[in-house]
Undergrad: 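My questions all concern the structure below.
Quick note on labels: first sequence line is chain A, next is B, and so on, each numbered from 1. Atom set for the values below is all heavy atoms of this structure, side chains included, hydrogens, waters and symmetry mates excluded.
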Amino acid sequence: MNIEDDRFTHEDTANDRWIGALIHVQRHDTPERVDQLVDRAVVRLRSASATETVRTAGSISISGTSVAPRTRRWDWRAPVAAAASIAIIAGSALLFSPQPASADSILHAAQVAESGSGDRRYALELVFPTRAGEADAQAPRAVGTLDIRDAEHVRLDIRFQDGRAMTRGTDGTTGWTVDPRGDVLSMPTDARWPRFIETPEGDLLADRLDVLLADIGAHYQIVRCDKGGAMQICATHDGSDFRGPESIELTIDPATKLVTRAALNFGGPPEGAARRAVRAGDAVATTGSGRPDAITARGARDDRPEGGPGGPEGGRGLAGGRGPEGGRGPEGERGPEGGRGPEGGRGPERGPEGRRGQAGGPGPDGGRGTDRRPEPRVVIIERTAVPNGAFDAAWFSPPSAPVRKAPPPPPPSGPGGPGGPSGLGGRGPGPSGGPPPPRGDR
Amino acid sequence: MSEIPPNLRLTADSGRGPDAADVFAILVREHGERLLAFLRASVPSSSVDDIFQDTVLVAWRRLPDYDRTRPFGAWMRGIARNLVLDHRSKMGRERPTDDAILDAIVRRAEAEDRGDREEFRAKLVKLEDCVARLPDEYRTVIHLSYRLDAPIARIAAEVGANVEAVKKRLQRARAMVATCMESKEATT
């Protein structure tokens, strides 16, 4: 083979790869996805700019230059110094500004501040729609905590009003959950988290508040709405296709610019729309009226195991959320517990306790479709103190050796229709579909 | 022609008004799909997003060195190329692309620098049309491989052929798409 032949071969290979790449881009890299990738990169470069002077170990050198590693991969210990400097930088930008800080500049400063890492605890509160005749104060709620060290060390504890609890965690090596009997079950470390703590991009919301803030900057109209001396930003969805809450209220620490509280309001059906609903811990197949689903208002994903009955159509998110797959629910734990039961056959009515049954038979859990409580209308995430300043080394590890694997998720089925992968957040009337199998953590 | 306003300060954001990062983001968006195409042709899919992010970050840091008389897309691609080489060296024996092929991909990508994002998108629409016109047996493997991301072995089982036959069929399908694209380009 002479040089010309060789060159031709390379060109041929390059052309072949190029066409393949174009097909891939055409199929997967939608303008929306590209914009998201860029948005996230910009968040990081802004963070990198702010931390330029406090670059810590862990930088990577590439072709004579260096770039800070992506935030998710930061060593959780390193950014402590960075966080302090970020606060100084961000705070100075506001303190020395000749004009009162605008909502934009505060949001930007918060983005920078939230791009750090380290042990964090967030108190979670989920507020569900009231039933007919109930006052707002009677709205069912669920509360819990989300503890995060980094993307690999996460622990979630949720308590529902009816006494059920959900505990899940991962220490980067072992994913785990606790079933209703108290048995510790292992699960993949990359199993999906409940929807209400994820961003539309699939990150943990509280782990990547900077990403949420970037989304707010891009898709919401924001104004300062300080209350009682607290620095606050009120964000209203701009009506674009972004799938997110109708409105968001952020409370920001004036000194550190960290978000201390985020209240995400999904609107929700009129009071009483959730009649016959069961309990706060149940979800959410609504009538597909166009509400966003949970915090991210996304359509269901194929990997969600707890696929509910779904409806013929996924409920459109507030801003035109995905269509056919059926919406997502609020507290729907993706993971081992999910899955429409193989038994099929939806119970025509919910059982006396409305409990998701171990028995898995029709009845107790049956309340799919219109019988289910809609997703939370408000999700509140509040930063709270970490006990003793840092979590114990074993906090994210399983409390005891897992006794068995959590049930694997069922294979995805087609979108919509009976048994579609709509998950707990399934929308639409859900004309059929069986109860889920025993939920590993309920 | 420069794509960056000459009076733009290429420094960290001041927090007020459109800043360098905003303009930079606009430019990156403009070239985002083309950059992704280059990366998808050069590295495994699993690495594309990471290298894309790194490219943006490195480009941001080197923005003051950017020669504004040069095409921004080509400059970004040059950074991406270095990152691909860096990535490749880490992959050791599994390196997916040798130098000559990578250079050829760069040359192929340069041909796409003409026109803006919309034109590139329009080209992708033409490509979709070309895929749709493929004979069934070729369209099926393209669908399975690129839309469903099915591994070759699974495609082989699906279509009842061996792995090598599927690879060949994919290659032929891409060649047919390329020919179709060229004919479309020629008629427009």
Undergrad: Answer yes when B:R117 and A:D35 have at least one side-chain N-carboxylate O distance shorter than 4.0 Å, and no when they do not.
TA: yes
Undergrad: Answer with side chain, backbone, both or neither: which region of B:L36 has an atom nearer than 4.5 Å to a non-hydrogen atom of chain A?
TA: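 Both backbone and side chain of B:L36 come within 4.5 Å of chain A.
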Undergrad: Under 4.5 Å from any heavy atom of chain B, what part of A:H24 do you find: side chain, backbone, both or neither?
TA: both
Undergrad: Taking side chain as everything from C-beta outward and backbone as N, CA, C, O, which of these in B:F120 sits under 4.5 Å from a heavy atom of chain A? Side chain, backbone, both or neither.
TA: side chain
Undergrad: Working to the nearest 0.5 Å, report the span between NE2 of A:H28 and CZ of B:R40.
TA: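 So the NE2 of A:H28 and the CZ of B:R40 are separated by 7.0 Å.
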Undergrad: Among B:A173, B:A25, B:G32, B:C130, who wins on heavy-atom pairs under 4.5 Å with chain A?
TA: B:A25
Undergrad: Pick one of side chain, backbone, both or neither for B:R121, based on which atoms fall under 4.5 Å of a heavy atom in chain A.
TA: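 Only the side chain of B:R121 comes within 4.5 Å of chain A.
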Undergrad: Given heavy-atom pairs under 4.5 angstrom as the criterion, report whether the side chain, backbone, both or neither of B:S45 touches chain A.
TA: side chain
Undergrad: By a 4.5 Å heavy-atom criterion (distance strictly below it), what part of B:A109 contacts chain A: side chain, backbone, both, or neither?
TA: both
Undergrad: Which pair of non-hydrogen atoms, one from B:V84 and one from B:S42, has the smallest distance, and what is that distance?
TA: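 Smallest interatomic distance, heavy atoms only, reads CG1-CB, 4.1 Å.
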Undergrad: Let me know if B:D103 has heavy atoms under 4.5 Å from chain A in its side chain, its backbone, both or neither.
TA: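 For B:D103, neither part sits under 4.5 Å from chain A.
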Undergrad: At a heavy-atom separation under 4.5 Å, does B:Y146 approach chain A through its side chain, its backbone, both, or neither?
TA: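 Answer is both: backbone and side chain atoms of B:Y146 are under 4.5 Å from chain A.
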Undergrad: B:Q171: which residues meet the side-chain contact (heavy atoms from CB on, under 4.5 Å) condition with it, sequence neighbours left out?
TA: A:D16, B:K168, B:R174
Undergrad: Quick one: do B:R88 and B:D99 make a salt bridge, cutoff under 4.0 Å?
TA: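 Counted as a salt bridge, because a side-chain N and a carboxylate O are separated by less than 4.0 Å.
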Undergrad: Salt-bridged, B:D129 to B:K126, with N to O below 4.0 Å?
TA: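 Here B:D129 does not pair with B:K126 in a salt bridge, since their nearest N and O are not under 4.0 Å apart.
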Undergrad: Considering residues at least two apart in sequence or located in another chain, which fulfil the salt bridge (charged side-chain N to carboxylate O under 4.0 Å, His left out) criterion with B:E110?
TA: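 So B:E110 forms no salt bridge (charged side-chain N to carboxylate O under 4.0 Å, His left out) with any residue.
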